[in-house]
Structure formats: C-alpha cells, structure tokens
Trainee: 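Sending over a structure as structure tokens; questions will come in a sec.
Numbered from 1 within each chain, the chains take letters A, B, ... in sequence-line order. Just so it is clear, the values below take in all heavy atoms, side chains as well, and ignore hydrogens, waters and symmetry mates.
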There are 2 protein chains.
Amino acid sequence: MTRPIPDEDFFDPACPSSAMPIRVGEKWGGMVVVLLENGPLRFTELKRPMRAVTSKVLTETLRSLERDGMVTRTAYAEVPPRVEYELTDLGRTLLAPIQACRDWAAANLPALLEARAGWDG
Amino acid sequence: MTRPIPDEDFFDPACPSSAMPIRVGEKWGGMVVVLLENGPLRFTELKRPMRAVTSKVLTETLRSLERDGMVTRTAYAEVPPRVEYELTDLGRTLLAPIQACRDWAAANLPALLEARAGWDG
DNA sequence: GATACCGGTTACTTCAACGGAACCAATGGC
DNA sequence: GCCATTGGTTCCGTTGAAGTAACCGGTATC
C-alpha cells in the first residue's frame, strides 16, 4: 500500500486560510485582538502596551481589522477626542487560533532559537 | 471595580509569538508543513500541489523551515537527483496551531469576506 | 544530436509592511 | 500668549517577501 501523494488539487486554488486577517507572528494585529479581549479600549490605551508601534502603523492595523469586521470604531464628539475600539463577535473568534499560536511559542520557541543558532553559526 | 488597562509591560519586549516560523495566512510555509504531515516528500512532490509556487520561492521556504529546525533535507547521490524533505518532531508541533487557523478559516472566512465587501463597496 | 528530468541558482523587478518625522484641530489650563 | 492632550494624517524611505525568466549539470532516452 503506497501512501497517496497530494496532487495538484490538494489545496483550494484560492487557499482559504491565506485570507486570515492577521498573521501569526505578524507584528501588531494579534496584539490588538488580545488587548481588546476584555472590553473596549481607546487609541492611546492600545498604543501604550504596544510600545514600539507608531500612530501611523496602529491606525493602519486598526483600519484593516475594522475593514475585515473584527473590530468596531466608535468616535465620541468630545474634546479632546475620544475613540473606542471593540472586538466584534467575529473578532472574538480570532482568540482561539491566536491562543494556539501563543501556546506554541511558549512551548517551542527555545527549540526554534536553538536550531536557528546552530544553523547560523 | 475598574478593569485593569494593560500597561507598557503587558507584552514581552521581544514578543515571543512574533517569532513563529510560519505565519498563518502566509503563503507557503504552512502548506509545506501540512503536506509533510504523513511522511517525507520530494521537492517536486511538494511543488505539484502548490501549483503557483516557483522553484525559487519553494527553495527559500524550505531553507527557512530547515534553518528553524522544522524540516530535514536529505539528498541522495543519484541521477536524476533525489531530495527528501521530512518534518522533525519540532516541525510536527506546528500542526496544532496551523489546524486551529485552518479551522478558523473554514468557519469564519465567509463572514470576513462579507464584512470586507461591505467596507469596500 | 536533441530532448526530458530533477533540484535547484541567479539576476531583476514588484509590492506591501513597517518605520521616522513633521504636522493638524479644537479645547482647557496656566 | 503658550503649551499639552487626543487621535490621528502626510510624506518619505527602508526592508523583505514574492514573482518572472533564464539557466545549470549529469544522465537517459529517442
């Protein structure tokens, strides 16, 4: 009995998981979702824990998540401005795969780094 | 009781999950791991199901996974050449987070695309 | 002699993500 | 009058991932 080798139809031509709105290991999208897990936050409340992010990149990240229906943006007509970002139900579904990846990193990152150090050096 | 807002130490400065060797939604790395799940495959056996990938990009993807200790490369001194790629134990640990992301896409991709169509349109 | 096969390599180009710095409006406080 | 605050925007540049096309050695087959 020979093991079947995947043929050219093994993957969906428009590979669905390629369309995931955030990438694991992506720099910022996953952080935003995790930060919003316990309720809405303001722009600066998101920005503070994500130390290295610039306003520009955080704005881009949030717009992208908003476009994909993962977060909502609510602006209040106050001065100074107040804007709140909140996870949608759809956005909340991202928590499971994100957690799976965080768990992976917690368990296996040392082994990865060791392999990489050996390869590089 | 006010909800605690994450401060600047919420994330590890060198955010560990940012170092995941493949990215979900990444174009090729995840496919390679999934294809190798049931045993070693040759270069062309990997390339065939990944229709759109070029030799160059597949080589780069495999080198990167090899560097991170996720796959091994075994070349046999034959003509024509034979090279087999195989998942390591470490590489096998990637199957869980990848599956979590494939499950996510299967369940939620339609909702994402709908949100995106509404936003764009 | 020409062609096909396998597992690539090399040079060049394109594109998106990311980053730095400057700037903004409206208001409140000193 | 001057500065600080909030939530951004704009311009510019860098980087890396990805794609295109051409080419390779060594053998076997036609």
Trainee: How many whole angstroms separate atom CG of B:L46 from atom P of C:dG7?
Mentor: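 Going from B:L46 (CG) to C:dG7 (P), I get 10 Å.
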Trainee: Quickly work out the B:M50 CE to C:dG8 P distance and round it to whole Å.
Mentor: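 In whole Å, C:dG8 P and B:M50 CE are 13 Å from each other.
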Trainee: Which heavy atom of A:G91 sits nearest a heavy atom of A:V33, and at what distance?
Mentor: O-CG1, 4.1 Å
Trainee: Any idea which of C:dG7, D:dT6, C:dG20 is nearest the B:V83 side chain?
Mentor: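 That would be C:dG7.
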Trainee: Checking contacts here: which listed nucleotide (D:dT9, C:dC6, C:dG19) is nearest the side-chain heavy atoms of A:T59?
Mentor: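 Out of D:dT9, C:dC6, C:dG19, the nucleotide with an atom closest to A:T59's side chain is D:dT9.
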Trainee: Nearest whole angstrom, please: distance from the C1' of D:dG16 to the CH2 of B:W28.
Mentor: 17 Å
Trainee: By nearest heavy atom, map A:E84 and B:V57 onto DNA chain D; which one lands nearer the 5' end?
Mentor: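 Residue closer to the 5' terminus by nearest nucleotide: A:E84.
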Trainee: For residues B:L62 and B:V71, report the shortest heavy-atom separation together with the two atoms involved.
Mentor: O-CG2, 4.0 Å
Trainee: Look at the side chain of A:F43 and decide which nucleotide, out of C:dG7, D:dG8, C:dG20, has an atom nearest to it.
Mentor: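 Closest of the options to the side chain of A:F43: D:dG8.
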Trainee: Round to a whole Å and report the spacing from CD of B:E60 to C1' of D:dA18.
Mentor: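 Taking atom C1' of D:dA18 as the reference, CD of B:E60 is at 8 Å.
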Trainee: NA contact type, A:Y76, heavy-atom cut-off 4.0 Å: base, sugar-phosphate, or nothing?
Mentor: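 Nothing, no nucleic acid heavy atom in range.
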Trainee: Determine the contact category for A:K56: base if any of its heavy atoms lies under 4.0 Å from a base atom, sugar-phosphate if only primed atoms, P, OP1 or OP2 are that close, otherwise nothing.
Mentor: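 Here A:K56 touches the bases of the nucleic acid.
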Trainee: As a test of reading the structure: which of D:dG8, C:dC18, D:dG26 is closest to the side chain of B:V79, going by heavy atoms?
Mentor: D:dG26
Trainee: For the pair made of CD in A:E78 and P in D:dG7, what is the distance, rounded to whole Å?
Mentor: 10 Å
Trainee: Compare the minimum distances between each of C:dG8, D:dT9, C:dC18 and the side chain of A:S55, then state the nucleotide with the smallest one.
Mentor: D:dT9
Trainee: Please compare B:R63 and B:P80 by the position of their nearest nucleotide in DNA chain C and report the one closer to 5'.
Mentor: B:P80
Trainee: Provide, to the nearest angstrom, the distance between the CG atom belonging to B:L58 and the C1' atom belonging to D:dT20.
Mentor: 16 Å
Trainee: Whole angstrom is fine here: how far is it from NZ in B:K47 over to P in C:dG8?
Mentor: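 So the two atoms are 12 Å apart, to the nearest Å.
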Trainee: Between A:S64 (side chain) and A:E60 (backbone), is there a donor-acceptor pair under 3.5 Å?
Mentor: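 No, the answer is negative, given that no donor and acceptor are paired below the 3.5 Å cut-off.
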Trainee: OP1 or OP2 of C:dG7 sitting under 4.0 Å from any side-chain N/O of B:R82?
Mentor: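 Looking at the OP1 and OP2 atoms of C:dG7, neither is under 4.0 Å from any side-chain N or O of B:R82.
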Trainee: Just how far, in rounded Å, is C1' of C:dG7 from CZ of B:R48?
Mentor: 14 Å
Trainee: Under 4.5 Å between side-chain heavy atoms, hopping through other hydrophobics if needed: is there a path connecting B:L113 to A:L65?
Mentor: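 Same cluster.
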Trainee: Nearest 0.5 Å, what's the CG-CH2 distance between B:L58 and B:W28?
Mentor: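 CH2 of B:W28 is found 9.0 Å from CG of B:L58.
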Trainee: Would you classify B:T44 as touching base, sugar-phosphate or nothing, given that sugar-phosphate means primed atoms plus P, OP1 and OP2, and contacts are heavy atoms under 4.0 Å?
Mentor: sugar-phosphate
Trainee: Is the shortest heavy-atom distance from the side chain of A:M31 to the side chain of A:L46 under 4.5 Å?
Mentor: no
Trainee: Compare the minimum distances between each of C:dC18, C:dG7, C:dG8 and the side chain of B:R42, then state the nucleotide with the smallest one.
Mentor: C:dG7
Trainee: What's the closest nucleotide to the A:R73 side chain, out of C:dT9, D:dG8, C:dC6?
Mentor: D:dG8
